[in-house]
Amino acid sequence: MHNPFRFAENPILQEQITLVMGHFRSTLVIIPICLLIWWNLSNEVNTPYLHWWAVAAISSNLLLQLYSWYYLKQASLSANTRRIALIYTLLHLVDGMMWGLVTWLVLGNVSDVEGILLMAVFAGMLGGSLATLSPVPLFYLAFSLPQVIGMTSKLWSMEDISYRSLCMAVLLYFVALLGQLLTSTKTTLSAITMKFELASSNAKLRAIEKSQTLEQERQRLMQEMHDGLGSSLVSALRVVENGKMQSGELAGVLKDCIDDLKLAIDSIEPVDDDLLLLLATLRFRLGGRLESTGVRLHWKVAQIPPLDWLDPRTSLHVLRILQEAFTNIIKHTKATEVTLSTRLDGDYVVVTVTDNGSGFELTNAIQNGGRGLASQLHRAKAIGAQVSWLSNSNQTSVILKLPVKQKSLVF
């Protein structure tokens with residue numbers, strides 16, 4: 001076990017000093033006690049000295065308060081912990097010497113009742129300071145030893161045998177307080193050690209959780225690439241091997257694969273609950289391809305609330321749904337313009353993609369193997385969203401309704 005009469009290691013010492021300094025307001029009660037002694041025990045013999053003692057004792061206490069307040073306010077204990085502890089020890093030593101000196105200034109020239117008052121103050125000072133200074137035993141010893149030495153030496157120097165008996169009682173009281181000091185210090189050190197162990201365990205748990213999250217994210221990306229990019233590449237390879245794909249068609253498939261890969265990468269980027277930021281990445285990725293096919297993109301987004309459930313997994317679902325909408329426009333319509341807009345509708349954020357193409361019949365599209373539409377429905381359900389289509393001979397709209405607050409997800 002750590003020697004309680006030496007400074008502990010810096011992290012533990014920092015916690016101990018913080019505990020002691022945290023009590024600095026409660027020790028302001030010493031100031032009225034100084035005034036009480038000066039007011040009640042001053043007489044013709046000790047008045048000049050007791051005045052100066054009261055000023056010095058109050059100044060010493062205020063210096064301790066100011067030192068404690070400064071370092072707690074600045075939060076700079078970690079920089080020079082041992083130097084701070086040494087200065088704090090010296091300040092308590094000076095404060096304790098002030099209280100050890102008052103015995104010599106007062107005892108012998110006051111009445112018995114006034115002497116009892118002084119001894120009661122000392123007993124309270126020694127016992128009360130134990131509660132605030134015990135986290136660092138050296139602080140308590142620096143404060144209490146000068147008091148005990150001053151008090152017992154004065155009591156022993158007086159000829160009356162009763163004072164010498166009182167001197168022995170003071171020593172026994174101090175020894176009893178030292179025993180309590182060791183017990184209290186042991187308890188404090190155990191609590192601080194437990195705090196550090198708990199913090200270390202929490203850090204390890206966070207590291208494990210982070211590792212598991214990264215592993216899950218790797219598996220998710222691998223699965224997405226397998227289902228999306230991998231499937232497209234395999235299909236393209238089979239068609240090429242059979243000699244049924246022209247170079248232009250092959251280029252289109254490869255562009256789809258590249259777009260798919262870019263979306264998977266974009267979903268990893270943090271969006272901080274910001275759907276507009278996520279949509280901006282989609283615009284950056286697909287804007288050039290739309291222009292190259294002669295489709296003009298109109299961007300009409302409005303301010304919407306943050307979606308606190310957006311994470312890499314759900315972001316990828318949103319991107320895939322919208323990617324499929326743009327892919328269908330490029331491949332299956334003769335649209336020249338497409339508009340993406342956002343608006344708030346009750347508890348939902350609505351994202352609408354509208355083109356001026358020839359449209360399609362929804363029932364026939366799904367019955368004839370519309371895997372893209374089925375995928376959009378599945379992904380929307382997975383994030384608690386809704387997707388629907390409106391189509392006629394003049395235009396087609398894909399309407400994605402995203403909940404502002406997510407209730408439950410099904411993956």
Side-chain angles (χ1 to χ4, degrees), residues 216-233 252-291 293 295 297-301 304-331 338-343 348-355 370-389 396-404 406 409-411:
Q216 291 173 357
E217 193 64 16
R218 290 192 198 98
Q219 293 178 359
R220 180 185 69 83
L221 285 174
M222 290 177 65
Q223 185 65 40
E224 287 288 345
M225 293 178 69
H226 175 269
D227 295 343
L229 178 62
S231 177
S232 297
L233 288 173
V253 171
L254 293 177
K255 287 180 181 179
D256 289 340
C257 293
I258 292 173
D259 289 341
D260 202 73
L261 178 60
K262 288 178 178 179
L263 285 183
I265 295 172
D266 287 340
S267 70
I268 303 175
E269 295 294 327
V271 294
D272 296 327
D273 308 338
D274 191 346
L275 178 64
L276 296 185
L277 180 59
L278 185 66
L279 295 178
T281 62
L282 182 68
R283 181 183 186 183
F284 175 75
R285 295 299 188 190
L286 298 180
R289 186 175 178 190
L290 288 171
E291 291 181 3
T293 58
V295 179
L297 176 62
H298 299 280
W299 203 257
K300 297 182 179 180
V301 296
I304 55 176
L307 306 182
D308 56 11
W309 49 269
L310 272 181
D311 57 23
R313 184 190 300 268
T314 54
S315 294
L316 187 57
H317 281 303
V318 174
L319 291 174
R320 293 268 194 233
I321 293 171
L322 297 176
Q323 179 198 26
E324 183 65 30
F326 283 108
T327 301
N328 287 337
I329 292 171
I330 294 171
K331 288 184 176 181
V338 59
T339 301
L340 185 145
S341 63
T342 62
R343 60 184 174 87
Y348 289 88
V349 170
V350 181
V351 182
T352 305
V353 179
T354 302
D355 67 79
R371 293 179 56 191
L373 302 183
S375 175
Q376 287 176 304
L377 287 169
H378 174 74
R379 289 184 181 277
K381 182 180 179 182
I383 58 176
Q386 302 172 18
V387 63
S388 58
W389 299 265
T396 299
S397 295
V398 179
I399 304 166
L400 176 62
K401 297 180 67 175
L402 302 169
V404 175
Q406 191 62 268
L409 298 180
V410 180
F411 295 107

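Hydrogens, waters and symmetry mates play no part in the numbers below; they use all other heavy atoms, side chains included. Bear in mind that the values here come from a model prediction, so they are computed numbers and not experimental data.
- The CG atom of L279 sits 8.0 Å away from the CG atom of L319 when rounded to the nearest 0.5 Å.
- Note that the OG1 atom of T342 and the CD1 atom of I304 stand 5.0 Å from one another [nearest 0.5 Å].
- The distance from the CD1 atom of I321 to the CG atom of L282 is 11.5 Å, given to the nearest 0.5 Å.
- Between A380 and V387 the shortest heavy-atom distance is CB-CG1, 3.9 Å.
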Give the C-alpha distance, both sets of side-chain angles, the deciding distance and a yes or no for side chain to side chain contact (heavy atoms under 4.5 Å, CB included) between L310 and L402.
CA-CA 10 Å; L310 272 181; L402 302 169; over 6 Å; no

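- Between P403 and A385, the shortest heavy-atom contact is CD-CA, 4.1 Å.
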Determine, step by step, whether N328 and V398 satisfy the side chain to side chain contact (heavy atoms under 4.5 Å, CB included) criterion, reporting the C-alpha distance in whole Å, the side-chain angles of both residues, the deciding distance to 0.1 Å, and the verdict.
CA-CA 11 Å; N328 287 337; V398 179; over 6 Å; no

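- Summarising the geometry, atom NZ belonging to K401 is positioned 10.0 Å from atom OG1 belonging to T352; distances are rounded to the nearest 0.5 Å.
- Once rounded to the nearest 0.5 Å, the distance linking OG1 of T281 with CG of L276 reads 11.0 Å.
- At a threshold of 4.5 Å between non-hydrogen side-chain atoms, the residues V353 and I329 count as touching.
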Run the side chain to side chain contact (heavy atoms under 4.5 Å, CB included) test on I330 and T327 for me, step by step, so that the C-alpha distance in whole Å, both residues' side-chain angles and the decisive distance to 0.1 Å come before the verdict.
CA-CA 5 Å; I330 294 171; T327 301; 5.8 Å; no

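- Residue R283 is tested with L340, L322, L297, L290 for a side chain to side chain contact (heavy atoms under 4.5 Å, CB included); the sole match is L297.
- Looking at residues two or more places apart in sequence or on another chain, you find a salt bridge (charged side-chain N to carboxylate O under 4.0 Å, His left out) between R343 and D345.
- Not one N or O on the side chain of W309 forms a donor-acceptor pair closer than 3.5 Å with the backbone of I383.
- Residue H317 holds its NE2 atom at 6.5 Å from NE2 of H378, rounded to the nearest 0.5 Å.
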